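I have placed the structure first, in the form of structure tokens, so that the comments after it can refer back to it.
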There are 2 protein chains.
Amino acid sequence: MTQGEPPSPSPRSRPTMREVAALAGVAIKTVSRVVNEVPTVDPAIVARVREAADKLGYRPNLTASSLRRGDGRTATIGMLVEDSANPFSAALSRTVENVARERGVLVLVGSLDEDPARERELARALIDRRVDGLVIVPAGRDHSYLISEQRSGTCLVFVDREPSLLDADTVLSDNRQGAVTAVNHLLKAGHRRIAYLGDRATISTAAQRFDGYRHALEVGHIEYDDEIVRHTGASEESAITATERLLALPNPPTALFTSQNVVTIGAVRALRALGLQDTVAHVGFDDFPLADILSPGISVIAQDVEQLGRTAAEMLFRRLDGDRSPTRAVTIPTRLIERGSGEITALAPSPRASI
Amino acid sequence: MTQGEPPSPSPRSRPTMREVAALAGVAIKTVSRVVNEVPTVDPAIVARVREAADKLGYRPNLTASSLRRGDGRTATIGMLVEDSANPFSAALSRTVENVARERGVLVLVGSLDEDPARERELARALIDRRVDGLVIVPAGRDHSYLISEQRSGTCLVFVDREPSLLDADTVLSDNRQGAVTAVNHLLKAGHRRIAYLGDRATISTAAQRFDGYRHALEVGHIEYDDEIVRHTGASEESAITATERLLALPNPPTALFTSQNVVTIGAVRALRALGLQDTVAHVGFDDFPLADILSPGISVIAQDVEQLGRTAAEMLFRRLDGDRSPTRAVTIPTRLIERGSGEITALAPSPRASI
DNA sequence: CGACGCTGAGACAACGTTGACTCGACGGGA
DNA sequence: TCCCGTCGAGTCAACGTTGTCTCAGCGTCG
């Protein structure tokens with residue numbers, strides 16, 4: 001296990017402009033000008049300063065620089081997601097990172113795990129580090145604590161879920177319409193008994209998707225039945241249990257609409273464990289990796305995560321560039337991807353149902 | 001699309017200690033003491049300062065604070081991964097985030113996309129922001145550019161891949177042994193013609209896994225055959241193509257060892273497209289979500305990502321806490337997970353092979 | 001009763017950098 | 001030839017905070 005020598009016998013501290021200036025025989029300010037590529041410096045001096053900087057391994061201190069600079073910008077933004085290891089959050093933050101990269105901006109990422117207290121803590125921690133702006137997939141239902149920060153000039157953009165008690169730019173998927181599309185798709189395949197399985201109803205996206213579900217049923221003249229509706233949390237286990245219970249009902253659903261990717265995966269597992277994956281139709285909200293490779297492939301309402309992230313990041317940077325227009329709420333359309341599971345047609349009433 | 005009113009008519013700047021001090025009628029230093037919870041302040045004054053701070057929405061400026069403080073710590077670390085949207089990278093950075101969280105440290109994440117130039121740029125960008133330390137999954141093969149940074153006191157820990165031309169703490173999976181286990185598993189099922197499909201051989205993990213592959217063959221007295229070895233990049237497309245070509249050979253392999261998760265997924269797709277998923281045995285290196293739910297389930301050599309990330313983060317923080325012991329290289333064992341695809345036994349020479 | 005220690009708060013400088021200003025040298029036009 | 005504008009480099013202070021020192025007030029003890 002042991003490898004090398006002590007990493008650094010004397011961890012001498014980082015060289016500063018002062019030292020570079022001394023070595024190059026110029027004033028600190030001249031070093032500053034060279035570092036910032038101010039064009040009015042004699043090329044010979046530029047060369048001398050560069051040489052001295054390289055020799056010392058000088059790296060500018062952006063922390064000090066942003067403190068002194070007029071705009072106080074740190075070229076860093078914060079991103080708060082539900083869980084950076086979850087594919088949706090990961091794809092979202094990666095997109096934001098890509099947009100930020102184009103501008104030399106780095107991203108501080110924090111995971112909230114659906115904990116409103118953690119949201120506040122992390123938002124504060126980011127603000128204390130003076131990030132230029134924040135992209136937030138909120139966990140909480142009260143964002144008034146951000147009002148003063150917003151007023152102090154921190155730009156905020158909400159993605160995937162809307163802010164509450166706060167006026168801020170927002171980018172959402174068209175959750176309601178997506179759910180309507182999903183349910184209509186199942187109705188078209190002849191299903192009349194379509195279960196809803198989703199995240200906790202306090203989460204705004206879940207609520208919107210549920211609303212779409214109910215709306216589509218209503219338009220389709222299907223009576224709403226509480227018994228086949230489950231607002232489980234976003235955990236595979238609870239989704240599995242809920243699915244098992246639904247299908248064990250005396251009058252079980254012939255189709256499932258699952259409104260979140262973890263829930264969808266739980267349902268997929270449960271259906272396979274019961275051997276019902278080719279019997280019970282299933283459409284999930286949110287695409288997920290390998291959904292196409294299962295048999296049957298899982299039909300989903302795919303969110304355009306790339307578009308969500310890119311739009312949010314671009315809105316943020318537009319604000320940072322001085323855009324003072326009224327806040328906007330942008331809706332990104334979703335798309336039905338047919339892969340098989342959603343195209344299973346309704347059976348004649350099952351034996352169980354006819355008992 | 002349009003929503004609210006202008007977000008902030010006058011984006012007045014953030015309150016400072018000076019303003020809090022003025023409002024509370026005390027000296028700036030006293031505010032500092034209250035903020036830092038120095039116990040020698042009169043409770044009445046503490047209350048007055050707190051009130052003033054709340055009223056103004058004061059938030060300390062960690063940027064300024066870390067500049068002035070003796071240790072210059074920013075309570076921020078950097079994490080460079082291959083692609084934060086890839087499940088392996090995402091899980092790794094999430095683990096690091098969790099460890100950091102316990103200490104109130106935030107994580108700046110950057111994706112390298114296997115680009116050594118980007119590695120250098122991002123490492124520099126992080127250092128310029130004076131992160132306390134760096135956890136790196138390197139893309140490049142020369143890390144000497146970090147020597148001076150290391151000497152200047154920036155702590156570095158490498159994960160998943162080792163540093164080159166630099167002595168630094170390292171946490172690796174036991175890649176060679178994992179590959180040996182995979183190949184042995186296939187040998188045990190009777191396979192004698194086992195293809196290797198992996199990432200570019202310049203990547204150290206890929207090289208180690210390839211080495212394990214060769215070693216296991218040698219020990220098993222199987223002659224190495226260049227024809228069934230492909231060092232494709234880590235893209236699904238190239239893995240699909242490579243798999244197709246391998247199986248179209250006059251003497252095709254009866255088993256596949258894929259040495260990286262994206263490559264594994266590509267191979268899985270290709271096998272299914274060819275209808276060979278129940279015929280050709282397959283073990284992949286790296287677990288991936290839903291590997292268990294496919295049919296057959298994909299047998300894998302699972303890395304203990306949690307352990308990798310946690311160990312790396314803990315090593316980093318130990319250094320930050322002043323550990324000056326020699327650098328260490330820790331190896332994390334891997335684990336074979338049997339799910340079906342790796343347990344397919346060798347067939348009698350296929351018709352094609354006997355032509 | 002006076003010197004002394006202690007406690008709690010303020011004054012001041014400094015962290016590394018940059019904005020605003022200054023100053024010397026040089027060149028061109030009157 | 002002289003003055004003024006220009007250009008390039010330097011001086012100084014300040015960003016928001018904290019380490020160090022100072023100092024006033026008070027209680028205590030010989």
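Every value quoted in this text rests on a predicted model; they were computed, and no experiment measured them.
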With the criterion being N/O to N/O and under 3.5 Å, what pairs connect the protein with nucleotides 22-28 of chain C, and how long is each?
none

Under a 4.0 Å N-O cut-off, is there an ion pair linking [X] with [Y]?
| X | Y | answer |
| --- | --- | --- |
| E97(A) | R101(A) | yes |
| D169(A) | R319(A) | yes |
| D321(B) | R103(B) | yes |
| R124(A) | E121(A) | no |
| D323(B) | R328(B) | no |

Exercise for the section: Name the first nucleotide and the last nucleotide along DNA chain D (5' to 3') that come under 4.0 Å of a heavy atom in chain B. Expected result: dC15(D) to dT20(D)
Exercise for the section: Go through the structure and list residues passing side chain to side chain donor-acceptor pair (under 3.5 Å) with R130(B), not counting sequence neighbours. Expected result: none
Handout entry: Residues that R120(B) engages under side chain to side chain donor-acceptor pair (under 3.5 Å), provided they are two or more places apart
Key =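 Listed in chain order: nothing, the list is empty.
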Handout entry: Contacts of E306(B) that satisfy salt bridge (charged side-chain N to carboxylate O under 4.0 Å, His left out) - sequence neighbours left out
Key =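 E306(B): salt bridge (charged side-chain N to carboxylate O under 4.0 Å, His left out) contacts with R310(B).
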Handout entry: salt bridge (charged side-chain N to carboxylate O under 4.0 Å, His left out) partners of R18(B), counting only residues at least two apart
Key = none
Exercise for the section: Have a look at the helix from dC1(C)-dG30(D) to dA30(C)-dT1(D) and give the angle its two end axes make, five pairs each, rounded to 10 degrees. Expected result: 60°
Handout entry: Donor-acceptor contact present, side-chain N86(A) to main-chain F88(A), <3.5 Å
Key = yes
Problem - Sidechain-backbone polar pair: Q150(A) side chain, D167(A) backbone, donor-acceptor under 3.5 Å - result: yes
Handout entry: Within residues 35-43 of chain A, residues whose heavy atoms come under 4.0 Å of DNA chain D
Key = T40(A), V41(A), D42(A)
Name all pairs fulfilling the salt bridge (Lys or Arg N to Asp or Glu O under 4.0 Å) condition that reach into [range], sequence neighbours left out, sorted by first residue then second.
| range | value |
| --- | --- |
| residues 74-85 of chain A | D83(A)-R94(B) |
| residues 24-44 of chain A | none |
| residues 133-149 of chain B | R14(A)-E149(B) |

Exercise for the section: Please work out if I45(B) contacts a base, only the sugar-phosphate, or nothing of the nucleic acid, heavy-atom cut-off 4.0 Å. Expected result: sugar-phosphate
Exercise for the section: Just call it for S65(A): base, sugar-phosphate, or nothing, with non-hydrogen atoms closer than 4.0 Å on any strand. Expected result: sugar-phosphate
Polar pairs (N or O, both sides) under 3.5 Å between protein and nucleotides 10-14 of chain C?
from	atom 1	to	atom 2	distance (Å)
dG10(C)	OP1	A27(B)	N	3.4
dG10(C)	OP2	A27(B)	N	3.0
dG10(C)	OP2	T30(B)	OG1	2.2
dG10(C)	N7	R33(B)	NH2	2.6
dA14(C)	N3	R68(B)	NE	2.5

Practice task
Kindly say if S32(A) contacts the phosphate of dT18(C), meaning a side-chain N or O under 4.0 Å from OP1 or OP2.
Solution key: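 So the side-chain polar atoms of S32(A) do come within 4.0 Å of the phosphate oxygens OP1 or OP2 of dT18(C), strictly under.
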Handout entry: Side-chain touch V107(B)/V109(A), heavy atoms, less than 4.5 angstrom
Key =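 SC-SC contact between V107(B) and V109(A) ruled out.
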